[in-house]
Amino acid sequence: MTSQLKLYNTADRRISEFKPLVPGKVGIYLCGATVQANPHIGHIRSGVNFDILRRWMIACGYEVTFIRNVTDIDDKILQKAELEGAPWWAIAMKYERAFTEGYRILNVMPPTYEPRATGHITQMITLMEQLIASGHAYAPGNGDVYLEVRSLKRYLTLSNQKLEDLQPAGDADTTHKKDPRDFALWKAAKPGEPFWPTPWGNGRPGWHLECSAMAHAYLGEAFDIHGGGLDLIFPHHENEIAQSEAAGYDFANIWMHNAWVTASGEKMSKSLGNSLQVIELIKRVRGIELRWYLGSAHYRSMLEFSFEALEESSVNFRRIEGFLQRAKEATGALPDFDLSDEFRMAMNDDLAVPTALADISELVKLGNTALGNNNLLEVARYASQVRGALFILGCDPFDEIFATGSTLNEELVGKLVELALEQRTEARARKDFAAADAIRDQIQALGIALEDTPQGVRWSVGK
RNA sequence: GGUCGGAUGGCCGAGAGGCGAGGCUCAGGACUGCAAAUCCUGCUACACGGGUUCAAAUCCCGUUCCGACCUCCA
């Protein structure tokens, strides 16, 4: 299917029409987590943003291969292992699970494949051998392997910097490096550190090598989209490009970067404590509401976090959700999946989610009016367009991933609520409003919302 | 110092030369026994100073403020 999808490319800082390298297919590589702490909403926002991209591309008819890596060996992981008094691999596994759980709660589709750095040492060694053979990397003999940045035809094209403008590292190793700006592909293992044998000695992967090796392994020498957080542009993505191009690969065609979540105008960091971890926030709002919030701003805009904004975003979502529920009850069937032209146009415009949200609001308004007029044909039409849009955004309230609690308990609660409501209806029938309101107050105090409609009483369990 | 991004109404958040996105809040109205839900109406905006233009939140020049990144440490 012909796509009019336009995407912003960090490499040329322009929005242009997306053209897949292979017609009908898309390869996406997303830099995933370095598993050394619990996921906070900044990490997960990236997952959500690229999940929306993936869902939209699938909706556009593409067959998408989505690779999101796990970096499970890294300086910070080793530090954390020291701190927590556990083996590094136990730390990595523990936090990898935490990330997987965070993605699951927010309905981020599992990647097609999720490669771990430590599972691809062989590919990294092969890549280093290629780079040494081509004269772009060197092993000074201490067990390290460096990429020689001055040997590159081009470097720093993504961040548009000049090599000479880079601030030299304060304590850059000049005894082994030819140039202080050369970066480590591979690091010699210090005593006590994990290592893998290589032709240059025992060591472990450097910062950036794993992504080049894994992208190559699963997506080939050239692929469509490479994504990640804005802060990865330099040095991580520049160095990935450097390694890959020096090895003769075309590498990524388009670079996409999501902006971060800020708090008080500043990039989120661990100094803000644990409150913005997914696991904490879902105590306040449901996973679907947190996802709605994280996905609601444009992916290239900063999302200024506040509990107030999160709360009001949830209120907005509940209005949309309420319409779909009422539409389902009125029509007696789950809404279909459909998409309005406005929604399509918005998504094709570099994933203009905020514009798409405006359209959803409009559809809900029209749908609610149709409900009021009991025009079920129109209700079904608007409801399906809303549901289709929510599915793309990963927030379909009928998705079983968001179902809560056990069916058994829900049935029981339902019957008890109905019982109480019968009493109230009887009281109202005999105009005993004091008694009727007392019953309502008590039900509401339990967190159950009531609405009197011409068809009878609706009730729903609030958050 | 270099590179990149930002400043929009009470709040969140789009837009990027011309009819004031959308949401949340608030006020009023319709509906309701009262609520709730829903719909309708209304309310405040484009950091500052110049300039271009018939027309600027949007383009140009300058200023202020904020943020991010700058290599085995991030």
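Here the structure is a predicted model, which means the values were calculated and not measured. Values below: all heavy atoms of this structure, side chains included; hydrogens, waters and symmetry mates excluded.
A salt bridge links A:Arg116 with A:Glu96; the closest basic N to acidic carboxylate O contact falls under 4.0 Å. A salt bridge is absent between A:Asp338 and A:Arg387: the closest approach of a Lys/Arg side-chain nitrogen to an acidic carboxylate oxygen does not fall below 4.0 angstrom. In this structure, A:Lys76 does not pair ionically with A:Asp74, as no charged nitrogen and carboxylate oxygen lie closer than 4.0 Å.
Among the nucleotides B:A35, B:C72, B:G2, the one closest to the side chain of A:Arg440 is B:A35. Distance from the side chain of A:Leu163 is smallest to B:U71 among B:U38, B:C69, B:U71. When distances are taken from the side chain of A:Thr355 to each of B:A37, B:U71, B:A14, the shortest belongs to B:A14. Among the nucleotides B:C34, B:A74, B:C70, the one closest to the side chain of A:Gln79 is B:A74. Distances from the side chain of A:Ala184 to the nucleotides B:A37, B:C72, B:C34 place B:C72 closest. Closest to the side chain of A:Lys267, from the set B:U71, B:C69, B:U38, is B:C69. Which of B:C24, B:A35, B:U3 sits closest to the side chain of A:Asp452 comes down to B:A35.
A:Arg13 comes within contact range of the sugar-phosphate backbone alone, with a heavy-atom separation under 4.0 Å but no base atom that close. Among the heavy atoms of the strands lying under 4.0 Å from A:Asn316 are primed sugar atoms or P, OP1, OP2 only; no base atom is included. Residue A:Trp260 is in sugar-phosphate contact alone, with no base atom involved, counting any heavy-atom pair closer than 4.0 Å across all strands shown. Nucleic acid contact for A:Asp359: none, since no nucleic acid atom lies under 4.0 Å from a heavy atom of the residue. Among the atoms of the strands shown, none is found under 4.0 Å from any heavy atom of A:Arg150.
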Could you write out each protein N or O paired with an N or O of nucleotides 39-44 of chain B at a distance under 3.5 Å?
| unit_1 | atom_1 | unit_2 | atom_2 | d |
| --- | --- | --- | --- | --- |
| B:C39 | OP1 | A:Asn368 | ND2 | 3.3 |

Interface polar pairs with nucleotides 6-13 of chain B, N/O, under 3.5 angstrom:
| unit_1 | atom_1 | unit_2 | atom_2 | d |
| --- | --- | --- | --- | --- |
| B:C11 | O2 | A:Glu312 | OE2 | 3.4 |
| B:G13 | OP1 | A:Glu304 | N | 3.1 |

- Item | Dot-bracket encoding of pairs in RNA chain B, which uses [ ] for pseudoknotted crossings and | for another strand, Watson-Crick or G-U under 3.5 angstrom | (((((((..(((.....[...))).(((((.......)))))....(((((..]....))))))))))))....
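Spacing of P atoms, B:A21 relative to B:C46, comes out at 13 Å, to the nearest Å. Comparing the same atom, P, in B:U63 and in B:U3 gives a spacing of 16 Å after rounding to whole Å. Distance check on atom C1': B:C61 versus B:A27 gives 43 Å, rounded to whole Å. Spacing of P atoms, B:C4 relative to B:A56, comes out at 30 Å, to the nearest Å. Taking the P atom of each, B:U58 and B:G23 are spaced 25 Å apart, rounded to whole Å. A gap of 38 Å separates the P atoms of B:C26 and B:G5, to the nearest Å. Remark: the separation of the P atoms in B:U25 and B:C12 is 15 Å, to the nearest Å.
A cation-pi arrangement is present between A:Lys178 and A:Tyr138, with the terminal nitrogen or guanidinium carbon under 6.0 Å from the aromatic centre and inside a 45° cone about the axis. Cation-pi geometry between A:Arg68 and A:Tyr29 is not met: the NZ or CZ atom fails to fall both under 6.0 Å from the ring centre and inside 45° of the normal. Within the cation-pi definition used here (under 6.0 Å to the ring centroid, within 45° of the axis), A:Arg55 qualifies as a partner of A:Phe391.
Between A:Gln130 and A:Leu127, the closest side-chain pair of non-hydrogen atoms falls below 4.5 Å.
Between the side chain of A:Tyr155 and the base of B:U71, at least one donor-acceptor pair of N or O atoms lies under 3.5 Å.
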- Item | A:Asn69 and A:Thr71: CA distance, side-chain angles, deciding distance, side-chain hydrogen bond (donor to acceptor under 3.5 Å, both in side chains) verdict | CA-CA 6 Å; A:Asn69 71 290; A:Thr71 296; 3.1 Å; yes
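The separation between A:Glu342 atom CD and B:G22 atom P is 13 Å, rounded to whole Å.
Under the 6.0 Å cut-off for aromatic ring centres, A:His208 and A:Phe183 qualify, their centroids lying closer than that. Aromatic ring centres of A:Trp207 and A:His236: separated by at least 6.0 Å.
One distance of note links CE of A:Met256 with CG of A:Leu230; it measures 12.5 Å at 0.5 Å rounding.
Using bins of under 30°, 30° to 60° and over 60° for the plane-to-plane angle, the ring pair A:Phe251/A:His226 lands in the tilted bin.
Here the side chain of A:Asn368 pairs no donor or acceptor atom with the backbone of A:Lys365 at under 3.5 angstrom.
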